[in-house]
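Here's the structure, in structure tokens; my notes come after.
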Amino acid sequence: LVEDKILNCRTFLRRNWRGETEPASIVDQLSNDAKNASRAGSLGELLGLEGAAAARYFGSFAQLIKNENEPVVFDFTTRNRRPPTDPVNALLSYAYTLLVRTWTSTLSAVGLDPYRGFYHQPRYGRPALALDMMEPFRPILADSSVINAINNGEVGPKDFVRHIGSVALTDDGRKRFIGTFERRLSQEVTHPLFGYKLSYRRLLEVQARLLGRYLLGEFDEPPRFTTR
């Protein structure tokens, strides 16, 4: 899951890069991070590798954002949360909330317990399995929705409110962003195992069912998904 997340972050950066220089260095570094993640010998080591890859990824995230007007509204320097302190982080946090809710309902619908995870440790009220399964889809669905919403002008300065150092979406801003996220879920992609096209929403369901079959011993490996 972590390896696929890092690989998808790499692909997402390469596809959406707007920087003046080519992202070859960061792309190569993320490729190495993914290889190292596949060889991690402990949970602690894997957490460290994931953190290092995330720092690299978000360190370059600003190069994906179109900021042609002054003053710059969607300035981004680093990932922060609880609470987010700028519009981009507010969008990212809300996008991840939508994605984990989607995975929670999907896992429940196929008969799996979304609160019993592998990588994220279970605790009261935490949908650990949903958090596990969403990892490879963070860049594909959540981050992609954020970049599309910003660069296509679907959200703007009036869609955010500031209060004591924190930034949040307005009600209208949330509704508009939900539309962006839902459209992304409706986009079609080719399933890597079966070769047919399906929406991302349907893909999540298929991956959940494949996970169940893997847990029952019908497959040797858990379901994976990466983009090119």
Side-chain angles (χ1 to χ4, degrees), residues 1 5 8-9 12-13 15-16 18 50-51 53-55 57-67 69 71-108 114-115 117 119-120 123 125-187 199-201 203-205 227:
L1 291 168
K5 172 190 176 181
N8 287 336
C9 285
F12 183 68
L13 282 180
R15 285 183 177 179
N16 296 276
R18 289 176 172 269
E50 182 189 19
Y57 173 68
F58 284 114
S60 300
F61 199 78
Q63 302 299 321
L64 312 180
I65 299 171
K66 180 169 68 175
N67 273 313
N69 300 321
V72 175
V73 176
F74 296 105
D75 190 22
F76 183 87
T77 54
T78 187
R79 177 76 178 114
N80 59 68
R81 52 185 179 171
R82 298 175 187 171
T85 59
D86 60 78
V88 178
N89 275 294
L91 283 168
L92 286 169
S93 292
Y94 191 56
Y96 296 147
T97 297
L98 294 176
L99 184 56
V100 74
R101 287 177 182 173
T102 302
W103 262 113
T104 299
S105 61
T106 300
L107 290 165
S108 297
Y115 293 89
Y119 183 48
H120 292 83
R123 65 169 181 253
R126 187 189 205 191
L129 184 57
L131 291 167
D132 286 349
M133 294 298 289
M134 73 180 271
E135 289 295 344
F137 295 92
R138 284 177 181 262
I140 299 171
L141 298 178
D143 299 353
S144 176
S145 295
V146 169
I147 291 301
N148 286 335
I150 294 173
N151 291 350
N152 295 337
E154 296 176 45
V155 294
K158 295 181 179 179
D159 294 315
F160 299 89
V161 291
R162 299 177 183 270
H163 180 68
I164 315 179
S166 67
V167 175
L169 281 158
T170 63
D171 288 342
D172 286 342
R174 281 195 295 271
K175 291 176 183 177
R176 201 171 296 114
F177 183 74
I178 288 172
T180 304
F181 184 76
E182 290 293 328
R183 284 195 300 275
R184 182 59 175 160
L185 285 177
S186 298
Q187 290 181 352
S199 69
Y200 272 110
R201 187 183 298 279
L203 173 69
L204 300 190
E205 180 186 343
T227 57

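The heavy-atom pair separating H120 from A128 by the smallest distance is O-CB, 3.3 Å. Contact between T180 and S145 at its shortest, heavy atoms only, is CG2-O, 3.5 Å. Among all heavy-atom pairs drawn from L1 and E135, the shortest one is O-CB, 4.3 Å. For P127 against G125, the heavy-atom pair with the smallest separation is CD-O, 3.5 Å. The nearest pair of heavy atoms linking A95 to F181 is O-CE1, 4.3 Å. Residue A130 comes nearest to T104 through the heavy atom pair CB-OG1, 3.4 Å, listed as atom of the first residue, atom of the second, then distance.
Residues F160 and L169 meet the side-chain proximity criterion, which asks for heavy atoms closer than 4.5 Å. The shortest distance between side-chain heavy atoms of T227 and F12 does not fall below 4.5 Å. Residues L185 and S199 fail the side-chain proximity criterion, which asks for heavy atoms closer than 4.5 Å. Counting heavy atoms from C-beta on, the side chains of V167 and P84 never come closer than 4.5 Å. Using a 4.5 Å cut-off on side-chain heavy atoms (C-beta onward), E205 and S105 make no contact.
Classified by interplanar angle (parallel below 30°, tilted 30° to 60°, perpendicular above 60°), the ring pair F58/F61 is tilted.
Side chains of T85 and R162: no donor on one and acceptor on the other come within 3.5 Å.
Checking side-chain atoms of N8 against main-chain N and O of P139 turns up no donor-acceptor pair under 3.5 Å. At least one donor-acceptor pair under 3.5 Å links the side chain of R184 to the backbone N or O of I140. In this structure, S166 contributes its side chain and H163 its backbone to a donor-acceptor pair below 3.5 Å.
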Would you sort out whether L131 and R126 count as a side chain to side chain contact (heavy atoms under 4.5 Å, CB included), showing the intermediate values? CA-CA 9 Å; L131 291 167; R126 187 189 205 191; 3.7 Å; yes

Between Y96 and M134, is the side chain to side chain contact (heavy atoms under 4.5 Å, CB included) condition met? List the steps. CA-CA 9 Å; Y96 296 147; M134 73 180 271; 4.2 Å; yes

Starting from the C-alpha separation in whole Å, work towards a yes-or-no answer on side chain to side chain contact (heavy atoms under 4.5 Å, CB included) for I65 and N151. CA-CA 6 Å; I65 299 171; N151 291 350; 4.2 Å; yes

One pair to check against side chain to side chain contact (heavy atoms under 4.5 Å, CB included): Y119 and E50. What are the steps and the verdict? CA-CA 12 Å; Y119 183 48; E50 182 189 19; 2.5 Å; yes

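Rounding to the nearest 0.5 Å gives a distance of 8.5 Å between CG of D86 and CG of L92. In this structure, NZ in K175 is found 12.0 Å from CG in D159, a value given to the nearest 0.5 Å. Expressed to the nearest 0.5 Å, how far CG of L64 lies from CD1 of I150 amounts to 9.5 Å. For the atom pair R18 CZ and I147 CD1, the distance stands at 8.5 Å (nearest 0.5 Å). With rounding to the nearest 0.5 angstrom, the CG atom of L99 is 12.0 Å from the OH atom of Y200. In this structure, Y115 OH and L107 CG are separated by 10.5 Å, a value rounded to the nearest 0.5 Å.
Scored by the ring-ring contact (aromatic ring centres under 6.0 Å, His included) test, F137 finds W103, F225 as partners (sequence neighbours excluded).
Residues in residues 143-156 take part in these salt bridge (charged side-chain N to carboxylate O under 4.0 Å, His left out) pairs, two or more places apart or across chains: E154-R183.
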